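Because the structure is a prediction, the values reported are computed rather than measured.
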Amino acid sequence: MSVREPSRLRKALLAGAVALALTGAGSAIAWSASDTPTPTPSPSQPAPGKSDKAPGKEKPAKSQRPQHLHSEIVVKKADGTFETQLTQQGTVESVSETSVTVKSEDGFTQAYTVNAETRIIKFPAAAADGSPAKDADGKRLRPEEVAIGEIATGVSVRVSGVKSGDTVTAEGIVEGAGTGPGKGMGLGKGLGLGQGHGKESAKGHGRGLEK
């Protein structure tokens with residue numbers, strides 16, 4: 001064997017080892033690249049000044065809001081006793097010095113006893129253009145507390161009362177601008193009309209008939 005043959009053999013072995021090493025490194029790099037997880041895109045942020053609320057979540061117009069017609073609830077008072085309270089919105093079917101009968105749009109009809117403790121509030125009729133009624137000086141007319149004789153048949157009212165057996169006694173009656181779509185029958189104390197008529201009922205648990 002010539003002297004050159006071992007030298008050639010060593011060079012061939014060395015070249016093979018280098019190639020093997022390079023091939024392994026390339027595989028490792030390729031595996032590492034393919035195993036890298038794809039970054040998750042961050043959720044888009046709403047543009048400044050724009051709401052991120054879903055479409056259709058806008059507050060509906062007053063005419064489209066649910067309108068309270070009538071309800072009956074039982075409450076536990078501070079002294080531990082229970083009381084059945086009624087609230088109703090509708091049209092006066094009949095009225096006298098001692099009672100009023102109201103019918104709601106769905107046909108529900110209820111008669112109420114009227115006594116000296118029943119508070120009756122009447123709102124001034126609105127102007128022809130729908131704006132609040134005003135006096136000769138241009139001041140807005142306020143609702144007034146009136147007698148039952150001021151309530152006529154056919155007018156729209158809101159009534160709140162207390163039920164005892166088969167009798168319902170009216171504690172508050174509101175006629176006029178205090179009624180309409182979107183205006184609830186609050187059950188707070190007094191007839192809170194927000195216009196100086198917020199005194200409490202003599203019983204201490206008057207129904208709220210806020211404007």
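Interatomic distance, NZ of Lys134 versus CG of Leu141, reported as 10.0 Å (0.5 Å rounding). Taken from CD in Glu72 to CD in Gln85, the straight-line distance is 10.5 Å, to the nearest 0.5 Å. The structure places CZ of Phe123 at 11.0 Å from CZ of Arg142, a figure rounded to the nearest 0.5 Å. We find the CZ-CD distance between Arg158 and Gln89 to be 6.5 Å, quoted to the nearest 0.5 Å.
Nearest heavy-atom pair across Ile121 and Arg119 is CD1-NH2, 3.8 Å. Minimum heavy-atom separation, Gln88 to Ser104: NE2-OG, 3.1 Å. Closest approach of Lys103 and Glu93 over heavy atoms only: CB-CG, 3.5 Å. In plain terms, the two heavy atoms of Val155 and Ile151 that are nearest each other are CG2-CG2, 4.1 Å. Pairing each heavy atom of Ala111 with each of Thr101, the nearest pair is CB-OG1, 3.7 Å. Considering every non-hydrogen atom in both Val159 and Val157, the closest pair reads CG2-CG2, 3.9 Å.
With a 4.5 Å cut-off on side-chain heavy atoms, Val168 and Gln110 count as touching. Using a 4.5 Å cut-off on side-chain heavy atoms (C-beta onward), Glu97 and Ile148 make contact. A 4.5 Å side-chain heavy-atom check between Thr84 and Val74 finds at least one atom pair inside the cut-off.
Applying the side-chain contact (heavy atoms from CB on, under 4.5 Å) rule to Ser71 yields the partners His68, Thr87; only residues at least two apart in sequence or on another chain are considered. By the side-chain contact (heavy atoms from CB on, under 4.5 Å) test, Thr113 is found to be paired with Thr167, Thr169, residues two or more places apart in sequence or in another chain being considered.
Transitive grouping of hydrophobic side chains (ILVMFWY, heavy atoms separated by less than 4.5 Å) brings Val146 and Tyr112 into a common cluster.
Around the CD atom of Glu105, the shell of radius 6.0 Å holds no more than 12 heavy atoms that belong to other residues, nucleotides or ligands. The environment of Asp166 atom CG is sparse: at most 12 non-hydrogen atoms of other residues, nucleotides or ligands sit within 6.0 angstrom.
Checked by atom type and distance alone, the side chain of Asp137 never pairs as donor or acceptor with a backbone atom of Lys139 at under 3.5 Å.
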